[in-house]
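Here is the structure we will look at, set down as structure tokens.
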Amino acid sequence: GAGVSQTPSNKVTEKGKYVELRCDPISGHTALYWYRQSLGQGPEFLIYFQGTGAADDSGLPNDRFFAVRPEGSVSTLKIQRTERGDSAVYLCASSSIDGKQFFGPGTRLTVL
Amino acid sequence: AQSVTQLDSQVPVFEEAPVELRCNYSSSVSVYLFWYVQYPNQGLQLLLKYLSGSTLVESINGFEAEFNKSQTSFHLRKPSVHISDTAEYFCAVSDGSQGNLIFGKGTKLSVKP
């Protein structure tokens with residue numbers, strides 16, 4: 001596609017539930033990033049993939065968060081046992097070798 | 001660890017006035033600097049970046065930023081703003097050209113007629 005796409009655009013869930021957020025990067029981009037943006041804050045890094053492998057997952061807040069990119073393209077961010085504090089906009093970005101990151105529109109997650 | 005400070009959370013200005021949005025980062029051996037813009041109800045877009053070379057970088061819509069190593073700053077400027085520049089601006093830093101970005105908290109620029 002022309003840009004990074006993310007689905008769903010909005011997700012409302014109940015505390016304790018499991019959610020999956022999907023990111024489709026720009027075709028051919030080898031690097032893929034997940035960020036989280038809470039209200040009034042800048043985006044906060046979560047995890048970075050180079051190809052299929054996680055090159056840096058130091059930003060994942062705890063073991064309830066996990067992300068995969070099995071074929072080096074689409075990525076899924078998975079959150080187990082959601083908590084109200086997980087409510088935020090989850091952003092995905094991809095980049096080619098020049099490092100210029102293109103961001104998707106985000107998924108707004110609300111945990112009730 | 002790297003950190004980014006945007007000193008102003010909100011900057012109101014009148015149309016055609018000059019504006020400066022301030023950004024300071026924690027020092028590092030090498031650093032790449034970025035400004036992203038987020039227009040209302042839209043995603044983040046790269047405005048300009050400094051990787052190496054000339055310390056003054058420009059965007060296509062009249063913004064410019066200057067990398068100042070001694071002051072660890074990367075302030076964003078525009079000599080004459082338009083209503084359409086109303087948006088939130090984020091400064092970001094990376095340790096490598098493909099590394100993750102560390103963002104500031106953002107500055108909301110509000111341009112009034």
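Here the structure is a predicted model, which is why all the values come from computation and not from measurement. Here is the naming used below: chain letters follow the sequence lines, and residue numbers restart at 1 for every chain.
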| query | Would you say B:V57 and B:V4 are hydrophobically clustered, going by side-chain heavy atoms of ILVMFWY under 4.5 Å? | reply | yes
| message | Using the rule that Ile, Leu, Val, Met, Phe, Trp and Tyr join whenever any side-chain heavy atoms are under 4.5 Å apart, tell me whether B:L21 and B:V37 fall into a single cluster. | response | yes
| Hey, what do you get for CG (B:N100) to CZ (A:F45), rounding to the nearest 0.5 Å? | 4.0 Å
| Out of A:P43, A:G59, A:G40, which one racks up the most heavy-atom pairs below 4.5 Å with chain B? | A:P43
| field | Under 4.5 Å from any heavy atom of chain A - which part of B:L46 | value | side chain
| With B:L101, the side-chain contact (heavy atoms from CB on, under 4.5 Å) member among A:Y33, A:Y48, A:Y35 | A:Y35
| task | Applying side-chain contact (heavy atoms from CB on, under 4.5 Å), run through B:Y36 and A:Q101 and close with a yes or a no. | result | CA-CA 10 Å; B:Y36 279 82; A:Q101 293 187 29; 3.5 Å; yes
| query | When hydrophobic residues are tied together by side-chain contacts of less than 4.5 Å, even through go-betweens, does B:L47 share a cluster with B:I83? | reply | yes
| Around atom CZ of A:F65, are there more than 12 heavy atoms of other residues, nucleotides or ligands at under 6.0 Å? | yes
| said: Other residues, nucleotides and ligands only: do more than 12 of their heavy atoms fall within 6.0 Å of CG on A:L112? | reply: yes
| B:Q45 portion near chain A, given a 4.5 angstrom heavy-atom threshold | neither
| message | Can you tell me which portion of A:Q37 sits under 4.5 Å from chain B's heavy atoms? Options are side chain, backbone, both or neither. | response | side chain
| request: Evaluate whether atom CZ of B:R77 has more than 12 neighbouring non-hydrogen atoms of other residues, nucleotides or ligands under 6.0 angstrom away. | output: yes
| said: At a 4.5 Å cut-off on heavy atoms, which part of A:L91 comes close to chain B: side chain, backbone, both, or neither? | reply: side chain
